[in-house]
Amino acid sequence: MSRKASDNVEYTLRSLSNLMGEKRRRQADGSAGSGAAAGERSLIAAESCSSLNSAASGGELERAARRQFQQDETPGFVYVVSVFSALGGFLFGYDTGVVSGALLLLKRELNLDALWQELLVSSTVGAAALSALAGGVLNGLCGRRPCILLASGLFTAGSGVLAAARDKETLLAGRVVVGLGIGVASMTVPVYIAEVAPPHLRGRLVTINSLFITGGQFFASVVDGIFSYLAKDGWRYMLGLSAVPAVIQFLGFLFLPESPRWLIQKGQTQRARRILSQMRGNQAIDEEYDSIKNNIEEEEKEVGAAGPVICRMLTYPPTRRALIVGCGLQMFQQLSGINTVMYYSATILQMSGVEDDRLAIWLAALTAFINFIFTLVGVWLVERMGRRKLTLGSLTGTAVALIILASGFLLSAQVSPRITINPPDPSHQNSTCTKYSYCSACMLDPDCGLCYKLNKSSVVESSCIPVDKDSTMKAAWGRCSNETVFKKEDLFWAYNFCPTPYSWTALLGLILYLIFFAPGMGPMPWTVNSEIYPLWARSTGNACSSGVNWVFNVLVSLTFLHTAEYLTYYGAFLLYTGFAALGLVFIYGCLPETKGKKLEEIESLFESRLCTCGSAGAF
Ligand SMILES: O[C@H]1[C@H](O)[C@@H](O)[C@H](O)[C@@H](O)[C@H]1O
């Protein structure tokens with residue numbers, strides 16, 4: 001067939017499909033008794049006579065047309081909308097990632113003690129947990145678009161306050177405002193993208209949000225590296241820069257539409273239809289529109305509309321099961337220790353022999369880059385492998401990597417250098433540091449570091465000394481207290497790591513961990529949560545599961561040092577391995593495959609007893 005002829009056929013099919021869709025829509029609106037029913041009916045009649053009466057096999061043709069255009073390219077608009085919303089993910093990643101570098105400078109400039117440093121980090125995560133939970137109500141009442149606008153407004157305001165802050169109290173206020181933005185964005189953006197995406201691309205588009213999260217973390221680590229050279233006010237740039245994407249997102253969303261599914265639920269059907277058709281370009285939207293509408297009506301009949309949504313979710317078995325799966329995934333994501341691994345990547349790198357602090361910052365940026373690139377692999381894999389296989393494969397690899405990481409720490413602890421010199425404390429403060437006999441014990445105390453010499457590759461003349469309060473790169477007193485002097489004398493200072501020949505095992509574990517975690521366990525909890533709840537429960541379900549993510553994020557990061565103190569480093573990583581193994585059992589048993597399904601079809605996956613997916617033989 002010539003190109004022109006095939007274009008003609010395509011054009012005819014297209015017009016026919018659109019016309020049929022238009023006709024059905026008008027009939028539906030007419031039968032629902034809409035205002036201009038009479039006028040519309042005559043219009044339908046005229047259309048039917050002139051164009052469709054002759055098409056005896058109209059149904060066939062319509063199906064053919066639909067098949068044809070199902071293959072059509074997805075309109076660029078869906079991508080634009082997804083990328084603008086995913087800026088929320090970028091800000092989430094940036095603002096959680098940037099603080100570690102900013103703190104290095106801040107603690108010197110504003111004289112922050114450990115409590116204030118802790119407050120500036122965890123206030124954001126705590127605020128995110130609260131606002132993610134509150135975001136559910138806001139999403140349900142006001143819609144997705146106002147929530148995204150609110151989040152970008154909060155990001156902008158928060159970064160402005162942070163960049164201009166003159167004291168630590170203002171910094172704390174700014175970090176809380178940013179945290180409120182992160183929480184709202186983290187629960188709204190995946191839901192919004194899932195609701196506007198066509199089913200065959202939903203997984204990929206929602207996973208782009210996770211790609212933006214890790215992209216934000218990577219960008220933050222580069223910004224930290226660059227501005228770490230600017231000792232005065234460098235932190236203002238680090239913390240203030242996020243205003244740029246926030247303003248872009250705010251302006252973009254002034255022109256971008258509300259989720260059509262939310263609009264249909266609120267009865268704004270004409271607007272919903274217009275937006276849906278804009279999102280689907282040249283494709284017929286009637287089937288999708290009808291299925292969303294019917295589904296909402298059925299849901300209302302089945303579940304009723306009385307009482308708080310969370311109570312209805314808990315008493316209706318399919319949503320209760322979906323909530324357990326969603327929250328469980330988010331919990332196991334955090335219990336696998338991702339943020340500890342990211343946060344301690346600089347330490348792990350130092351253990352492997354990188355001694356310079358600044359080099360460690362740049363190498364930590366490399367770690368963030370691996371996390372980012374392998375999330376991209378996830379974007380590519382999600383529609384090929386499906387959510388279930390990807391998550392199971394990812395968590396299995398993560399568990400193996402955790403074992404290697406733990407072995408690295410174990411081997412290092414076993415050959416931990418002996419401490420040979422115990423100098424008296426000149427400040428007479430009776431520090432605990434000088435009492436340790438092995439480097440491994442000295443390193444588990446956050447107040448101490450090791451001062452030593454090297455004879456070939458063995459550690460000699462080592463002492464455990466309190467670390468300087470202003471810089472972890474030198475000791476508070478003694479041989480290693482003056483950086484320029486001790487380096488000239490061939491002395492070395494180790495904080496947080498023991499120099500051993502096995503440290504590379506931990507580095508290998510770290511890299512493998514990120515390679516396996518990033519494509520699956522990183523993004524899938526967010527992706528799966530955006531699709532497993534029916535519309536009436538979607539905001540609340542995502543609010544709860546995001547809240548669980550943030551709460552476990554705080555718990556794991558805050559308890560790491562204490563866990564390491566009681567269980568040692570390798571014990572802590574073995575504990576995460578145990579959690580990952582439990583997560584594997586949970587996911588194998590309970591996570592159904594949602595790939596390619598319409599959001600409206602997914603509810604039926606939770607109709608049978610929980611945790612029967614594994615027994616159904618669906619790997
Ligand atoms: O999915 C993200 C991602 O994996 C990030 O790297 C991590 O910091 C977040 O806690 C997680 O929710």
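Start at 1 with the first residue, then count along the sequence. Counting starts at 1 for both ligands and their atoms, following the listed order.
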* Is the shortest distance from a heavy atom of Q334 to ligand 1 less than 4.0 Å? -> yes
* Could you establish whether Q333 and ligand 1 come within less than 4.0 Å of each other, counting only heavy atoms on the residue side? => yes
* Validate the cation-pi geometry between R144 and F253: distance from NZ or CZ to the six-membered ring centre under 6.0 Å, angle to the ring axis within 45°. => no
Could you find the nearest protein heavy atom to [atom] and give me its residue, atom name and distance?
atom                   : value
atom 1 (O) of ligand 1 : G522 O, 2.9 Å
atom 8 (O) of ligand 1 : N339 OD1, 2.7 Å
atom 6 (O) of ligand 1 : Q217 OE1, 2.8 Å

Just by distance, no angles: are the side chains of [X] and [Y] close enough, under 3.5 Å, to form a donor-acceptor pair?
X    : Y    : answer
T594 : E531 : yes
R175 : S123 : no
T398 : S336 : no

* Pair Y570 + F409: ring centers closer than 6.0 Å -> no
* Asked: Between F332 and F586, is the ring centre distance below 6.0 Å?
  -> yes
* Measure from the side-chain N and O atoms of Q217 to the backbone N and O of G93, and report whether any donor-acceptor pair falls under 3.5 Å. => no
* Can an N or O of T214 be found at a distance shorter than 3.5 Å from an N or O of ligand 1? -> no
* Distance-only N or O hit between ligand 1 and P523, under 3.5 Å -> no
* **ligand 1 atoms in contact with F517 (distance to a heavy atom under 4.0 Å)** => 4 (O)
* Near W526, which atoms of ligand 1 are under 4.0 Å from a heavy atom of that residue? -> 1 (O), 2 (C), 12 (O)
At under 4.0 Å between heavy atoms, is it the side chain or the backbone of [X] that contacts ligand 1, or both, or neither?
X    : answer
N549 : side chain
M521 : neither
N371 : side chain

* To do: Answer yes or no: does atom CZ of F219 have more than 12 heavy-atom neighbours from other residues, nucleotides or ligands under 6.0 Å?
  => no
